[in-house]
Amino acid sequence: MSGSYDETAGADDTMDSFWEVGNYKRAVKRFDDGHRLCNDLMGCLQERAKIEKAYGDQLTAWSKRWRQLIEKGPQYGSVERAWLAVMTEAEKVSELHQDVKNNLVNEDVEKVKNWQKEAYHKQMIGGFKEAKEAEEGFKKAQKPWAKKLKEMETAKKAYHMACKEEKLAAAREANGKTEASVTPDQQKKLHEKVDKCKQDVQKAKEKYEKSLEELNKCAPPYMESMEQVFDQCQQHEVKRLTFLKEALLDIKRHLNLTENQSYATIYRELERTILSANTQEDLKWFSNNHGPGMHMNWPAFEEYNPDQASAPPKKKKPDGAPPTPSTDHVAPPGDRSSVSSYEKNQAYSTEWSDDEQPAAHSGNENGGNGNSFEEDSTAGKGVRVRALYDYDGQEQDELSFKAGDELTKTEDEDEQGWCRGRLDSGREGLYPANYVEPI
(Lines give C-alpha, C1' and ligand atoms only; values in the text may rest on other atoms or scores of the structure.)
Protein backbone atom coordinates (compact mmCIF):
# COMPACT_ATOMS: atom_id res chain seq x y z
CA MET A 1 0.00 0.00 0.00
CA SER A 2 2.81 2.37 0.81
CA GLY A 3 4.09 1.74 -2.72
CA SER A 4 0.86 3.10 -4.18
CA TYR A 5 1.29 6.42 -2.39
CA ASP A 6 4.91 6.67 -3.52
CA GLU A 7 3.69 6.31 -7.09
CA THR A 8 1.79 9.58 -6.85
CA ALA A 9 4.50 11.44 -4.95
CA GLY A 10 6.17 12.68 -8.14
CA ALA A 11 2.92 13.42 -9.97
CA ASP A 12 3.35 17.17 -9.52
CA ASP A 13 6.67 17.02 -11.38
CA THR A 14 4.95 15.79 -14.55
CA MET A 15 1.73 17.81 -14.41
CA ASP A 16 3.19 20.31 -16.92
CA SER A 17 3.99 17.61 -19.46
CA PHE A 18 2.73 17.80 -23.04
CA TRP A 19 1.09 14.39 -22.51
CA GLU A 20 -1.17 15.61 -19.72
CA VAL A 21 -4.79 16.24 -20.70
CA GLY A 22 -5.21 19.67 -22.29
CA ASN A 23 -1.51 20.55 -22.33
CA TYR A 24 -1.47 20.46 -26.14
CA LYS A 25 -2.94 23.97 -26.00
CA ARG A 26 0.55 25.46 -25.96
CA ALA A 27 1.23 23.88 -29.33
CA VAL A 28 -2.07 25.28 -30.61
CA LYS A 29 -1.31 28.72 -29.20
CA ARG A 30 1.81 28.84 -31.34
CA PHE A 31 -0.38 29.58 -34.38
CA ASP A 32 -1.73 32.71 -32.67
CA ASP A 33 1.78 33.66 -31.57
CA GLY A 34 3.11 33.21 -35.11
CA HIS A 35 0.51 35.57 -36.56
CA ARG A 36 1.20 38.14 -33.84
CA LEU A 37 4.96 37.90 -34.41
CA CYS A 38 4.41 38.78 -38.08
CA ASN A 39 2.62 41.94 -36.93
CA ASP A 40 5.46 42.68 -34.51
CA LEU A 41 8.06 42.31 -37.25
CA MET A 42 6.14 44.64 -39.57
CA GLY A 43 5.83 47.20 -36.78
CA CYS A 44 9.54 46.89 -36.06
CA LEU A 45 10.44 47.51 -39.72
CA GLN A 46 8.08 50.46 -40.03
CA GLU A 47 9.71 52.12 -37.04
CA ARG A 48 13.17 51.55 -38.52
CA ALA A 49 11.96 53.00 -41.84
CA LYS A 50 10.89 56.18 -40.04
CA ILE A 51 14.34 56.42 -38.46
CA GLU A 52 16.02 56.00 -41.87
CA LYS A 53 13.81 58.70 -43.41
CA ALA A 54 14.38 61.13 -40.53
CA TYR A 55 18.14 60.60 -40.75
CA GLY A 56 18.11 61.15 -44.51
CA ASP A 57 16.05 64.32 -44.12
CA GLN A 58 18.43 65.63 -41.46
CA LEU A 59 21.43 64.97 -43.68
CA THR A 60 19.80 66.82 -46.58
CA ALA A 61 18.89 69.84 -44.44
CA TRP A 62 22.37 69.93 -42.91
CA SER A 63 24.02 69.71 -46.32
CA LYS A 64 21.84 72.43 -47.84
CA ARG A 65 22.46 74.82 -44.96
CA TRP A 66 26.22 74.35 -44.85
CA ARG A 67 26.62 74.40 -48.61
CA GLN A 68 25.14 77.91 -48.65
CA LEU A 69 27.32 79.01 -45.74
CA ILE A 70 30.49 77.65 -47.34
CA GLU A 71 29.72 79.16 -50.74
CA LYS A 72 29.14 82.57 -49.13
CA GLY A 73 32.10 82.24 -46.79
CA PRO A 74 35.75 83.25 -47.21
CA GLN A 75 37.08 79.79 -48.08
CA TYR A 76 38.21 79.56 -51.71
CA GLY A 77 39.78 77.33 -54.32
CA SER A 78 40.31 73.59 -54.21
CA VAL A 79 39.94 73.38 -50.42
CA GLU A 80 36.48 74.93 -50.77
CA ARG A 81 35.62 72.28 -53.36
CA ALA A 82 36.89 69.58 -50.97
CA TRP A 83 34.75 71.01 -48.16
CA LEU A 84 31.71 71.13 -50.43
CA ALA A 85 32.39 67.51 -51.36
CA VAL A 86 31.49 66.60 -47.76
CA MET A 87 28.09 68.18 -48.39
CA THR A 88 27.78 66.15 -51.59
CA GLU A 89 28.58 63.00 -49.61
CA ALA A 90 25.77 63.82 -47.18
CA GLU A 91 23.29 64.33 -50.02
CA LYS A 92 24.19 61.02 -51.65
CA VAL A 93 24.16 59.12 -48.36
CA SER A 94 20.77 60.70 -47.64
CA GLU A 95 19.48 59.24 -50.91
CA LEU A 96 20.77 55.80 -49.91
CA HIS A 97 19.01 55.98 -46.55
CA GLN A 98 15.81 57.00 -48.32
CA ASP A 99 16.29 53.88 -50.47
CA VAL A 100 16.68 51.80 -47.30
CA LYS A 101 13.42 53.24 -46.01
CA ASN A 102 11.66 52.46 -49.29
CA ASN A 103 13.02 48.90 -49.39
CA LEU A 104 11.94 48.22 -45.80
CA VAL A 105 8.40 49.48 -46.39
CA ASN A 106 7.77 48.45 -49.99
CA GLU A 107 9.60 45.12 -50.03
CA ASP A 108 10.22 43.70 -46.56
CA VAL A 109 6.98 44.76 -44.86
CA GLU A 110 4.93 43.77 -47.89
CA LYS A 111 6.68 40.40 -48.06
CA VAL A 112 5.84 39.65 -44.42
CA LYS A 113 2.27 40.84 -44.87
CA ASN A 114 1.71 38.61 -47.91
CA TRP A 115 3.26 35.55 -46.23
CA GLN A 116 1.15 36.11 -43.13
CA LYS A 117 -2.00 36.27 -45.23
CA GLU A 118 -1.15 32.99 -46.97
CA ALA A 119 -0.06 31.16 -43.79
CA TYR A 120 -2.89 32.12 -41.44
CA HIS A 121 -6.56 32.00 -42.41
CA LYS A 122 -8.95 33.84 -40.11
CA GLN A 123 -12.34 32.39 -39.28
CA MET A 124 -15.61 34.26 -39.06
CA ILE A 125 -16.02 33.10 -35.47
CA GLY A 126 -12.52 34.22 -34.53
CA GLY A 127 -9.17 32.50 -34.38
CA PHE A 128 -7.37 30.80 -37.21
CA LYS A 129 -8.30 27.77 -39.26
CA GLU A 130 -4.89 26.18 -38.68
CA ALA A 131 -5.22 26.49 -34.89
CA LYS A 132 -8.71 25.03 -34.89
CA GLU A 133 -7.65 22.03 -36.99
CA ALA A 134 -4.72 21.36 -34.67
CA GLU A 135 -6.89 21.58 -31.55
CA GLU A 136 -9.49 19.22 -33.01
CA GLY A 137 -6.74 16.80 -33.96
CA PHE A 138 -5.28 16.83 -30.46
CA LYS A 139 -8.70 16.38 -28.87
CA LYS A 140 -9.49 13.40 -31.06
CA ALA A 141 -6.11 11.79 -30.36
CA GLN A 142 -6.39 12.37 -26.63
CA LYS A 143 -10.02 11.39 -26.09
CA PRO A 144 -9.56 7.56 -25.66
CA TRP A 145 -6.61 7.97 -23.36
CA ALA A 146 -8.33 10.71 -21.36
CA LYS A 147 -11.31 8.36 -20.82
CA LYS A 148 -9.07 5.54 -19.56
CA LEU A 149 -7.16 8.03 -17.42
CA LYS A 150 -10.39 9.14 -15.78
CA GLU A 151 -11.34 5.51 -15.06
CA MET A 152 -7.93 4.86 -13.59
CA GLU A 153 -8.16 7.96 -11.39
CA THR A 154 -11.57 6.80 -10.12
CA ALA A 155 -10.21 3.29 -9.34
CA LYS A 156 -7.17 4.78 -7.63
CA LYS A 157 -9.38 6.98 -5.47
CA ALA A 158 -11.56 4.00 -4.53
CA TYR A 159 -8.51 1.92 -3.66
CA HIS A 160 -7.07 4.66 -1.45
CA MET A 161 -10.39 5.10 0.33
CA ALA A 162 -10.55 1.34 0.96
CA CYS A 163 -7.06 1.45 2.42
CA LYS A 164 -8.10 4.28 4.67
CA GLU A 165 -11.19 2.37 5.88
CA GLU A 166 -9.06 -0.72 6.56
CA LYS A 167 -6.69 1.28 8.73
CA LEU A 168 -9.55 2.81 10.69
CA ALA A 169 -11.18 -0.64 11.23
CA ALA A 170 -7.87 -2.13 12.39
CA ALA A 171 -7.37 0.75 14.81
CA ARG A 172 -10.86 0.33 16.26
CA GLU A 173 -10.28 -3.43 16.69
CA ALA A 174 -6.98 -2.81 18.49
CA ASN A 175 -8.62 -0.29 20.83
CA GLY A 176 -11.50 -2.73 21.55
CA LYS A 177 -9.09 -5.37 22.82
CA THR A 178 -7.71 -2.99 25.44
CA GLU A 179 -11.02 -1.65 26.64
CA ALA A 180 -12.95 -3.71 29.23
CA SER A 181 -16.24 -2.11 28.19
CA VAL A 182 -16.11 -3.81 24.78
CA THR A 183 -18.00 -7.09 24.87
CA PRO A 184 -16.76 -10.22 23.07
CA ASP A 185 -19.66 -9.86 20.62
CA GLN A 186 -18.56 -6.31 19.80
CA GLN A 187 -14.97 -7.46 19.37
CA LYS A 188 -16.19 -10.12 16.96
CA LYS A 189 -18.02 -7.52 14.90
CA LEU A 190 -14.93 -5.29 14.86
CA HIS A 191 -12.84 -8.21 13.65
CA GLU A 192 -15.39 -9.02 10.94
CA LYS A 193 -15.26 -5.36 9.85
CA VAL A 194 -11.49 -5.55 9.48
CA ASP A 195 -11.80 -8.72 7.38
CA LYS A 196 -14.40 -7.10 5.15
CA CYS A 197 -12.23 -3.98 4.71
CA LYS A 198 -9.31 -6.17 3.71
CA GLN A 199 -11.49 -7.84 1.09
CA ASP A 200 -12.63 -4.40 -0.18
CA VAL A 201 -9.01 -3.24 -0.36
CA GLN A 202 -8.07 -6.30 -2.36
CA LYS A 203 -10.96 -5.84 -4.78
CA ALA A 204 -10.22 -2.11 -5.16
CA LYS A 205 -6.54 -2.87 -5.70
CA GLU A 206 -7.28 -5.41 -8.39
CA LYS A 207 -9.62 -2.97 -10.13
CA TYR A 208 -7.05 -0.17 -9.85
CA GLU A 209 -4.29 -2.36 -11.23
CA LYS A 210 -6.52 -3.50 -14.09
CA SER A 211 -7.50 0.06 -15.01
CA LEU A 212 -3.83 1.11 -14.86
CA GLU A 213 -2.87 -1.79 -17.09
CA GLU A 214 -5.54 -0.81 -19.62
CA LEU A 215 -4.32 2.80 -19.48
CA ASN A 216 -0.76 1.72 -20.16
CA LYS A 217 -1.90 -0.38 -23.12
CA CYS A 218 -3.65 2.72 -24.47
CA ALA A 219 -0.54 4.89 -24.08
CA PRO A 220 1.41 3.84 -27.26
CA PRO A 221 -1.43 4.52 -29.73
CA TYR A 222 -2.21 7.69 -27.80
CA MET A 223 1.37 8.90 -28.13
CA GLU A 224 1.47 8.00 -31.80
CA SER A 225 -1.72 9.93 -32.57
CA MET A 226 -0.60 12.94 -30.58
CA GLU A 227 2.80 12.99 -32.29
CA GLN A 228 1.16 12.93 -35.71
CA VAL A 229 -0.86 16.03 -34.92
CA PHE A 230 2.16 17.67 -33.31
CA ASP A 231 4.27 16.96 -36.41
CA GLN A 232 1.69 18.79 -38.51
CA CYS A 233 2.08 21.78 -36.20
CA GLN A 234 5.85 21.49 -36.50
CA GLN A 235 5.66 21.52 -40.29
CA HIS A 236 3.78 24.80 -40.20
CA GLU A 237 6.31 26.19 -37.74
CA VAL A 238 9.18 25.08 -39.99
CA LYS A 239 7.69 27.21 -42.77
CA ARG A 240 7.38 30.20 -40.45
CA LEU A 241 10.91 29.94 -39.06
CA THR A 242 12.39 29.39 -42.53
CA PHE A 243 10.52 32.37 -43.92
CA LEU A 244 11.55 34.52 -40.98
CA LYS A 245 15.22 33.66 -41.52
CA GLU A 246 14.99 34.52 -45.22
CA ALA A 247 13.15 37.77 -44.46
CA LEU A 248 15.79 38.80 -41.91
CA LEU A 249 18.54 38.15 -44.47
CA ASP A 250 16.72 40.43 -46.93
CA ILE A 251 16.40 43.07 -44.22
CA LYS A 252 20.11 42.78 -43.46
CA ARG A 253 20.92 43.20 -47.16
CA HIS A 254 18.83 46.38 -47.31
CA LEU A 255 20.32 47.80 -44.11
CA ASN A 256 23.95 46.99 -44.82
CA LEU A 257 25.08 49.93 -46.95
CA THR A 258 28.66 48.63 -46.97
CA GLU A 259 27.54 46.00 -49.48
CA ASN A 260 26.11 48.72 -51.74
CA GLN A 261 28.54 49.65 -54.54
CA SER A 262 27.12 53.17 -54.66
CA TYR A 263 28.03 53.63 -51.00
CA ALA A 264 31.68 52.75 -51.63
CA THR A 265 31.76 55.01 -54.70
CA ILE A 266 30.60 57.99 -52.63
CA TYR A 267 33.65 57.78 -50.38
CA ARG A 268 36.07 57.08 -53.20
CA GLU A 269 34.88 60.27 -54.89
CA LEU A 270 35.05 62.21 -51.62
CA GLU A 271 38.61 61.05 -50.98
CA ARG A 272 39.64 61.86 -54.56
CA THR A 273 38.22 65.39 -54.28
CA ILE A 274 39.93 66.02 -50.93
CA LEU A 275 43.28 64.70 -52.16
CA SER A 276 43.04 66.93 -55.24
CA ALA A 277 43.12 70.04 -53.03
CA ASN A 278 46.29 71.95 -54.00
CA THR A 279 47.63 74.44 -51.46
CA GLN A 280 50.03 76.17 -53.84
CA GLU A 281 47.40 76.64 -56.53
CA ASP A 282 44.98 78.12 -54.00
CA LEU A 283 47.63 80.50 -52.70
CA LYS A 284 48.49 81.51 -56.24
CA TRP A 285 44.84 82.15 -57.06
CA PHE A 286 44.40 84.31 -53.99
CA SER A 287 47.58 86.27 -54.78
CA ASN A 288 46.46 86.88 -58.36
CA ASN A 289 42.94 87.91 -57.38
CA HIS A 290 43.42 89.60 -54.02
CA GLY A 291 47.15 90.09 -53.56
CA PRO A 292 50.33 91.35 -55.21
CA GLY A 293 49.61 89.33 -58.32
CA MET A 294 46.71 91.61 -59.26
CA HIS A 295 47.14 93.98 -62.19
CA MET A 296 47.19 97.65 -61.33
CA ASN A 297 46.36 100.55 -63.62
CA TRP A 298 48.91 102.91 -62.16
CA PRO A 299 47.92 106.57 -62.54
CA ALA A 300 49.14 108.17 -65.76
CA PHE A 301 48.53 111.46 -67.46
CA GLU A 302 45.37 111.35 -69.51
CA GLU A 303 44.00 113.91 -71.94
CA TYR A 304 40.42 114.94 -71.48
CA ASN A 305 38.04 112.59 -73.31
CA PRO A 306 34.30 113.40 -73.03
CA ASP A 307 33.32 109.83 -74.09
CA GLN A 308 35.56 108.03 -71.60
CA ALA A 309 32.99 107.95 -68.77
CA SER A 310 30.51 105.92 -70.84
CA ALA A 311 33.04 103.37 -72.02
CA PRO A 312 34.54 101.36 -69.12
CA PRO A 313 37.58 99.12 -69.82
CA LYS A 314 36.57 96.29 -72.08
CA LYS A 315 36.38 92.63 -71.25
CA LYS A 316 35.11 89.61 -73.19
CA LYS A 317 31.38 89.98 -73.54
CA PRO A 318 28.41 87.93 -74.81
CA ASP A 319 27.06 88.68 -78.28
CA GLY A 320 24.77 91.70 -78.38
CA ALA A 321 25.68 92.79 -74.84
CA PRO A 322 27.45 96.01 -73.81
CA PRO A 323 31.10 95.86 -72.78
CA THR A 324 31.79 94.48 -69.31
CA PRO A 325 34.05 96.32 -66.89
CA SER A 326 37.64 95.17 -66.51
CA THR A 327 38.57 92.92 -63.64
CA ASP A 328 41.96 94.64 -63.53
CA HIS A 329 41.00 97.12 -60.87
CA VAL A 330 41.91 97.98 -57.35
CA ALA A 331 39.60 96.12 -55.00
CA PRO A 332 37.27 98.69 -53.47
CA PRO A 333 35.99 98.35 -49.91
CA GLY A 334 33.63 95.40 -49.63
CA ASP A 335 34.74 93.71 -52.88
CA ARG A 336 35.41 89.99 -53.54
CA SER A 337 38.01 89.75 -50.77
CA SER A 338 35.22 90.14 -48.20
CA VAL A 339 32.30 88.05 -49.42
CA SER A 340 31.07 87.65 -45.84
CA SER A 341 31.51 89.62 -42.66
CA TYR A 342 34.68 87.68 -41.93
CA GLU A 343 36.78 90.84 -41.59
CA LYS A 344 34.59 91.96 -38.69
CA ASN A 345 36.06 89.27 -36.39
CA GLN A 346 32.72 87.55 -36.10
CA ALA A 347 33.09 84.09 -34.55
CA TYR A 348 31.04 80.97 -35.20
CA SER A 349 30.38 78.56 -32.38
CA THR A 350 30.89 74.91 -33.29
CA GLU A 351 29.63 73.54 -29.99
CA TRP A 352 26.59 71.39 -30.70
CA SER A 353 24.25 69.58 -28.38
CA ASP A 354 22.10 66.55 -29.12
CA ASP A 355 18.91 68.54 -28.61
CA GLU A 356 19.78 71.83 -30.25
CA GLN A 357 20.64 73.08 -33.71
CA PRO A 358 24.11 74.65 -34.01
CA ALA A 359 24.11 78.18 -32.66
CA ALA A 360 23.66 80.70 -35.42
CA HIS A 361 26.27 82.99 -33.81
CA SER A 362 28.10 83.65 -30.58
CA GLY A 363 30.05 86.59 -29.32
CA ASN A 364 33.82 86.74 -28.76
CA GLU A 365 36.14 88.89 -26.76
CA ASN A 366 36.37 91.43 -29.56
CA GLY A 367 32.64 92.07 -29.35
CA GLY A 368 31.68 90.09 -32.45
CA ASN A 369 28.19 88.65 -32.41
CA GLY A 370 27.78 86.84 -35.72
CA ASN A 371 28.77 83.80 -37.76
CA SER A 372 31.68 84.32 -40.12
CA PHE A 373 29.68 82.38 -42.71
CA GLU A 374 26.40 84.18 -42.16
CA GLU A 375 25.24 87.15 -44.22
CA ASP A 376 25.78 90.70 -42.96
CA SER A 377 22.96 92.46 -41.21
CA THR A 378 22.63 94.57 -44.37
CA ALA A 379 21.95 91.50 -46.53
CA GLY A 380 18.27 92.23 -46.62
CA LYS A 381 18.81 95.79 -48.01
CA GLY A 382 19.34 96.77 -51.63
CA VAL A 383 17.71 97.75 -54.88
CA ARG A 384 15.93 95.28 -57.15
CA VAL A 385 17.27 95.20 -60.74
CA ARG A 386 16.54 93.17 -63.86
CA ALA A 387 19.17 91.65 -66.18
CA LEU A 388 19.16 93.05 -69.73
CA TYR A 389 21.53 90.37 -71.09
CA ASP A 390 22.88 86.95 -70.24
CA TYR A 391 26.08 87.02 -68.22
CA ASP A 392 28.37 84.10 -67.26
CA GLY A 393 30.69 84.97 -64.39
CA GLN A 394 34.34 84.91 -65.48
CA GLU A 395 35.72 84.68 -61.96
CA GLN A 396 34.78 82.73 -58.85
CA ASP A 397 33.35 85.83 -57.15
CA GLU A 398 31.17 86.92 -60.11
CA LEU A 399 27.49 86.21 -60.52
CA SER A 400 25.91 84.48 -63.51
CA PHE A 401 22.39 85.22 -64.73
CA LYS A 402 20.08 85.19 -67.73
CA ALA A 403 18.35 88.10 -69.42
CA GLY A 404 15.13 88.80 -67.54
CA ASP A 405 16.39 87.44 -64.19
CA GLU A 406 15.84 89.67 -61.19
CA LEU A 407 18.41 90.23 -58.44
CA THR A 408 19.20 92.67 -55.64
CA LYS A 409 21.93 95.31 -55.98
CA THR A 410 23.58 95.61 -52.56
CA GLU A 411 26.42 98.03 -53.47
CA ASP A 412 26.57 100.82 -56.05
CA GLU A 413 28.77 100.77 -59.13
CA ASP A 414 32.49 101.25 -58.46
CA GLU A 415 34.99 103.20 -60.54
CA GLN A 416 35.60 100.14 -62.73
CA GLY A 417 31.94 99.66 -63.64
CA TRP A 418 31.14 96.74 -61.25
CA CYS A 419 28.24 96.39 -58.84
CA ARG A 420 27.80 93.96 -55.98
CA GLY A 421 24.53 92.08 -55.81
CA ARG A 422 22.70 89.05 -54.51
CA LEU A 423 20.73 86.45 -56.46
CA ASP A 424 17.42 85.17 -55.10
CA SER A 425 19.22 81.90 -54.35
CA GLY A 426 21.28 83.81 -51.77
CA ARG A 427 24.58 83.80 -53.68
CA GLU A 428 26.43 87.12 -53.61
CA GLY A 429 29.03 88.48 -56.01
CA LEU A 430 29.98 91.06 -58.61
CA TYR A 431 28.32 91.80 -61.94
CA PRO A 432 28.67 94.45 -64.73
CA ALA A 433 26.61 97.49 -63.86
CA ASN A 434 25.64 98.10 -67.51
CA TYR A 435 24.06 94.60 -67.79
CA VAL A 436 21.07 95.48 -65.61
CA GLU A 437 18.41 98.14 -65.20
CA PRO A 438 16.41 99.19 -62.11
CA ILE A 439 12.96 97.67 -61.74
Side-chain angles (χ1 to χ4, degrees), residues 70-84 276-346 372-373 375-376 378-379 381-383 385 387-401 407-423 427-438:
I70 294 166
E71 288 175 346
K72 297 176 185 177
Q75 186 57 59
Y76 55 90
S78 59
V79 172
E80 179 186 16
R81 290 193 296 272
W83 193 349
L84 289 172
S276 67
N278 190 310
T279 302
Q280 295 304 317
E281 286 186 4
D282 287 357
L283 293 176
K284 182 179 179 181
W285 178 91
F286 190 88
S287 177
N288 291 339
N289 287 274
H290 306 291
M294 294 179 68
H295 178 76
M296 173 62 179
N297 290 328
W298 298 103
F301 182 81
E302 298 179 12
E303 289 290 349
Y304 172 72
N305 184 352
D307 298 328
Q308 186 176 9
S310 61
K314 292 186 178 181
K315 185 180 180 182
K316 183 179 179 182
K317 61 178 181 176
D319 294 339
T324 57
S326 171
T327 57
D328 300 331
H329 61 86
V330 178
D335 79 340
R336 285 170 284 181
S337 65
S338 57
V339 175
S340 71
S341 54
Y342 182 69
E343 74 285 349
K344 297 180 182 177
N345 293 326
Q346 293 177 321
S372 65
F373 291 106
E375 301 176 25
D376 285 342
T378 60
K381 302 178 181 179
V383 178
V385 296
L388 296 171
Y389 316 98
D390 294 349
Y391 182 68
D392 292 325
Q394 306 297 309
E395 303 291 344
Q396 185 178 10
D397 57 352
E398 295 179 9
L399 298 178
S400 297
F401 46 73
L407 58 151
T408 301
K409 180 176 74 173
T410 58
E411 292 184 13
D412 292 335
E413 180 180 354
D414 62 17
E415 295 178 356
Q416 304 298 323
W418 292 91
C419 285
R420 178 175 295 278
R422 182 175 65 255
L423 299 177
R427 180 172 177 79
E428 291 191 7
L430 301 175
Y431 66 88
N434 54 356
Y435 270 54
V436 302
E437 66 176 358

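Taken from CZ in R427 to CD in E398, the straight-line distance is 10.0 Å, to the nearest 0.5 Å. The distance from atom OH of Y391 to atom CG of N434, rounded to the nearest 0.5 Å, is 10.0 Å. How far CZ of R422 is from OG1 of T408: 5.0 Å, rounded to the nearest 0.5 Å. Annotation: the span from L399 atom CG to D392 atom CG amounts to 11.5 Å, rounded to 0.5 Å. Interatomic distance, Q416 CD to N297 CG, rounded to the nearest 0.5 Å: 6.5 Å. If you take CD on Q75 and CG on L84, they are separated by 9.5 Å, rounding to the nearest 0.5 Å.
Looking at T410, its side chain never comes within 3.5 Å of a backbone N or O of G382 through a donor-acceptor pair.
Residues P432 and W418 are in side-chain contact: their nearest non-hydrogen atoms beyond the backbone lie under 4.5 Å apart. Residues K409 and Y431 form a side-chain contact, since some pair of their non-hydrogen atoms from C-beta on lies under 4.5 Å apart.
With sequence neighbours excluded, the residues forming a side chain to side chain contact (heavy atoms under 4.5 Å, CB included) with N278 are S78, Q280, E281, listed by chain and number. When the side chain to side chain contact (heavy atoms under 4.5 Å, CB included) test is applied to E413, the partners found at least two apart in sequence or on another chain are C419, A433.
Closest non-hydrogen pair, D282 versus V79, comes out as OD2-N, 3.2 Å.
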Check against ring-ring contact (aromatic ring centres under 6.0 Å, His included), F286 and Y76: CA-CA 8 Å; F286 190 88; Y76 55 90; 5.1 Å; yes
